[in-house]
Amino acid sequence: MKIVLLGAPGAGKGTQAKKLIEKYGMPQISTGDLLRAAVSAGTSLGKEAKSYMDKGELVPDSVVLGMVGERLKQDDCKKGYILDGFPRNTAQAEALDKMLASLDMSLSGALSVDVPFEDLMKRLTGRRTCKSCGQMYNIYFGPPKKEGACDKCSGDLFQRDDDKEATIKKRLEVYTAQTEPLIGYYKNKGILKSVSGTGSIDEIFNKVCETLGLQ
Ligand code: AMP
C-alpha cells in the first residue's frame, strides 16, 4: 500500500496512520513529526522550520521535499508507505509524483479523512501528547485517566506550541487555501477515496481499512 493521507489539521490523520502501522507494518512518513524531531534536536534545519511552524505557516517546499526524498529512499519504504501531512500544496504534490516515478514507487491511492470544520478547533485545542511515548489524548473527547499524565507510561502530557489558538486559526486558513485543493488534484488522477473522520477512533479505523480494501 502506497498512500497519501489527506485531511485538515485535527482530522485524525496521524492517529489513523499510527493504527495502520501497528496493524500492517508499513512506515509512516509524517513531515510534521520529522520537522518536530529536527526542532528538538536543534539542527539548523529545525531552527529554520520552527519559525514557520510557530506561526502556523508552511515550511518552505525545498526543506520538506529534501526530507521526504531522503526518507523514501530507505529500504523499509519499498514494501509501502503512508505519507501523513505531505504533500501540503500543489507544488509538493507535483514534486512528489516526479520523485515517486523516478523511484518506481508511485501512489496507489489518496485517502481523505473528512471532519466538519466546526469540530476541528476543539480537537486541536484539546490535543495533548505524552512527552515520553508520544501517545495522544484529547481533554474533551478522550482524556487521560489522571489529568496531565499518560495512561500508558505515566509520562507528562504537553500541548504542542502550534496547537495554541492563534496558530490553529492560521493552520486552518493555510489548509483551506493551500492543501484542500489537493482533494481535486487526486480526484482528477482517479485515486481519491474518502472516509468520514467522525466517530470513535476504532470506528474510523474500520472504515479506513474497508475503504482501502484491507482485511
Ligand atoms: P502537522 O503535524 O502535519 O500538522 O505539521 C505541523 C507543522 O509543520 C505545520 O503547521 C507546518 O508548519 C509544518 N509542516 C508539516 N508538514 C509540512 C509540509 N508538507 N510542508 C510544509 N510545512 C509542513
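Order of appearance sets the numbers: ligands from 1, and atoms from 1 within every ligand.
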Practice task
Starting from atom 20 (N) of ligand 1, locate the nearest protein heavy atom and write down its residue, its atom name and how far away it is, to 0.1 Å.
Solution key: Gln92 NE2, 2.9 Å
Problem - Exam field: side chain Gln159 to backbone Thr125, donor-acceptor pair closer than 3.5 Å - result: yes
Handout entry: ligand 1 contacted by Lys55 (non-hydrogen, < 4.0 Å)
Key = no
Problem - Interatomic distance, Thr129 atom OG1 to Leu157 atom CG [nearest 0.5 angstrom] - result: 8.0 Å
Exercise for the section: Tell me which part of Glu57 gets within contact of ligand 1: side chain, backbone, both or neither, using heavy atoms under 4.0 Å. Expected result: backbone
Practice task
Among all protein heavy atoms, pick out the one at the shortest distance from atom 14 (N) of ligand 1; state its residue, atom name and that distance to 0.1 Å.
Solution key: Leu35 CD1, 3.4 Å
Handout entry: Arg36 near ligand 1 by a heavy-atom separation under 4.0 Å
Key = yes
Fill in the blank from the handout: A student checking ligand 1 against Arg160 at a 4.0 Å heavy-atom cut-off should list atoms 1 (P), 2 (O), 4 (O), 6 (C)
Problem - Ionic contact status for Asp163 with Arg128, cut-off 4.0 Å - result: no
Handout entry: Backbone of Thr198 reached by a side-chain donor or acceptor of Ser196 within 3.5 Å
Key = yes
Exercise for the section: Tell me, please, which residues at least two apart from Lys169 pass salt bridge (Lys or Arg N to Asp or Glu O under 4.0 Å). Expected result: Glu173
Practice task
Before accepting this row, confirm whether a basic side-chain N of the pair Asp61/Arg88 lies closer than 4.0 Å to the acidic partner's carboxylate O.
Solution key: no
Handout entry: atom 6 (C) of ligand 1 - nearest protein heavy atom and its distance
Key = Asp162 OD2, 3.4 Å
Practice task
May I ask you to identify, for Val59, whether its side chain, its backbone, both or neither come under 4.0 Å of ligand 1 on a heavy-atom basis?
Solution key: both
Practice task
List every atom of ligand 1 that sits less than 4.0 Å from any heavy atom of Gly85, numbering the atoms from 1 in the order shown and giving each element.
Solution key: 16 (N), 17 (C), 18 (C), 19 (N)
Exercise for the section: Please check if atom CG in Leu45 has more than 12 non-hydrogen atoms from other residues, nucleotides or ligands closer than 6.0 Å. Expected result: yes
Practice task
Would you mind checking which non-hydrogen protein atom is closest to atom 9 (C) of ligand 1, with the distance to 0.1 Å?
Solution key: Arg88 NH2, 3.4 Å
Handout entry: Lys/Arg N to Asp/Glu carboxylate O, Lys50 vs Asp54, below 4.0 Å
Key = yes
Fill in the blank from the handout: Looking only at protein heavy atoms, what sits closest to atom 17 (C) of ligand 1 is Thr31 OG1, 3.6 Å
